[in-house]
Amino acid sequence: DTGVSQNPRHKITKRGQNVTFRCDPISEHNRLYWYRQTLGQGPEFLTYFQNEAQLEKSRLLSDRFSAERPKGSFSTLEIQRTEQGDSAMYLCASSSWTGYSYEQYFGPGTRLTVT
Amino acid sequence: AQSVTQPDIHITVSEGASLELRCNYSYGATPYLFWYVQSPGQGLQLLLKYFSGDTLVQGIKGFEAEFKRSQSSFNLRKPSVHWSDAAEYFCAVAVNDYKLSFGAGTTVTVRA
């Protein structure tokens, strides 16, 4: 068990550019989650996948954001036409959903800075 | 709506002293509660969780938390802090089976 990994760890981009982040969950976990964390706040839920299906999207996830999890393994989060307000830490988590296990295991995050 | 409040933004404690971090939740049913710790540049690490049963739960790194339904609280404690406990601590409640709602966090500074 190598834990959840995220790449890149840091990304600096100019406003209007597109960025893509990758998350590799713990290998046997069937659920994968994306959260966003701004300075001084706790993480906020963005979306989640069960296997390859995206089952829920927060209203925080504007149409500039898209997430995928092809083949139910790694996931990507793309932000198009970035804005300064997108600057945040993007956290990925995974879990093994068995019907009663609610804990989620988080990766180190990708810190995005939009200039 | 389910929510979590951490009343203390920042706590400073001396090394070797005890630590208590407060967490209050708003939830209609029996909550599933968690404490996570985030060190600088790191992701969130699960310290402990409460689902049901014994209201005093033990976690990693010598932490424990007590669930008090009457006070809607889930406070985190450690009898003797180490310098490595300096971090940000988040209390969270499971809103449903896929979404965690986090408090704003408490930053802990440990002085020598």
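Note that the structure is predicted; figures quoted are calculated from it, not measured. In what follows, every chain begins at residue 1, and chains take the letters A, B, ... in the order their sequences are listed.
With a threshold of 4.5 angstrom between heavy atoms, A:Glu44 does not approach chain B through any atom at all. Interface remark: B:Gln45 contributes no atoms to any contact with chain A (heavy atom separation under 4.5 Å). For A:Arg111, no part lies under 4.5 angstrom from a heavy atom of chain B. Residue contact with chain A, scored on non-hydrogen atoms closer than 4.5 Å, involves the side chain of B:Leu46 exclusively. With a 4.5 angstrom heavy-atom cutoff, A:Gln37 touches chain B only via side-chain atoms.
Residues A:Tyr33 and A:Phe45 keep their aromatic ring centres 6.0 Å or farther apart.
Most heavy-atom pairs under 4.5 Å with chain B: of the set A:Ser58, A:Gly42, A:Pro43, A:Pro108, this distinction falls to A:Pro43. Ranked by non-hydrogen atom pairs under 4.5 Å with chain A, the options B:Phe102, B:Phe90, B:Tyr98 are led by B:Tyr98.
A search for salt bridge (Lys or Arg N to Asp or Glu O under 4.0 Å) contacts involving B:Lys49 returns A:Glu103, not counting sequence neighbours. A search for salt bridge (Lys or Arg N to Asp or Glu O under 4.0 Å) contacts involving A:Glu52 returns nothing, not counting sequence neighbours.
Note: B:Phe51 and A:Tyr102 have perpendicular aromatic rings, judged against thresholds of 30 and 60 degrees for the angle between ring planes.
Note that the SG atom of B:Cys91 and the OH atom of B:Tyr25 stand 10.0 Å from one another [nearest 0.5 Å].
When atom types are taken as modelled, the side chain of A:Thr76 and the backbone of A:Thr20 share no donor-acceptor pair closer than 3.5 angstrom.
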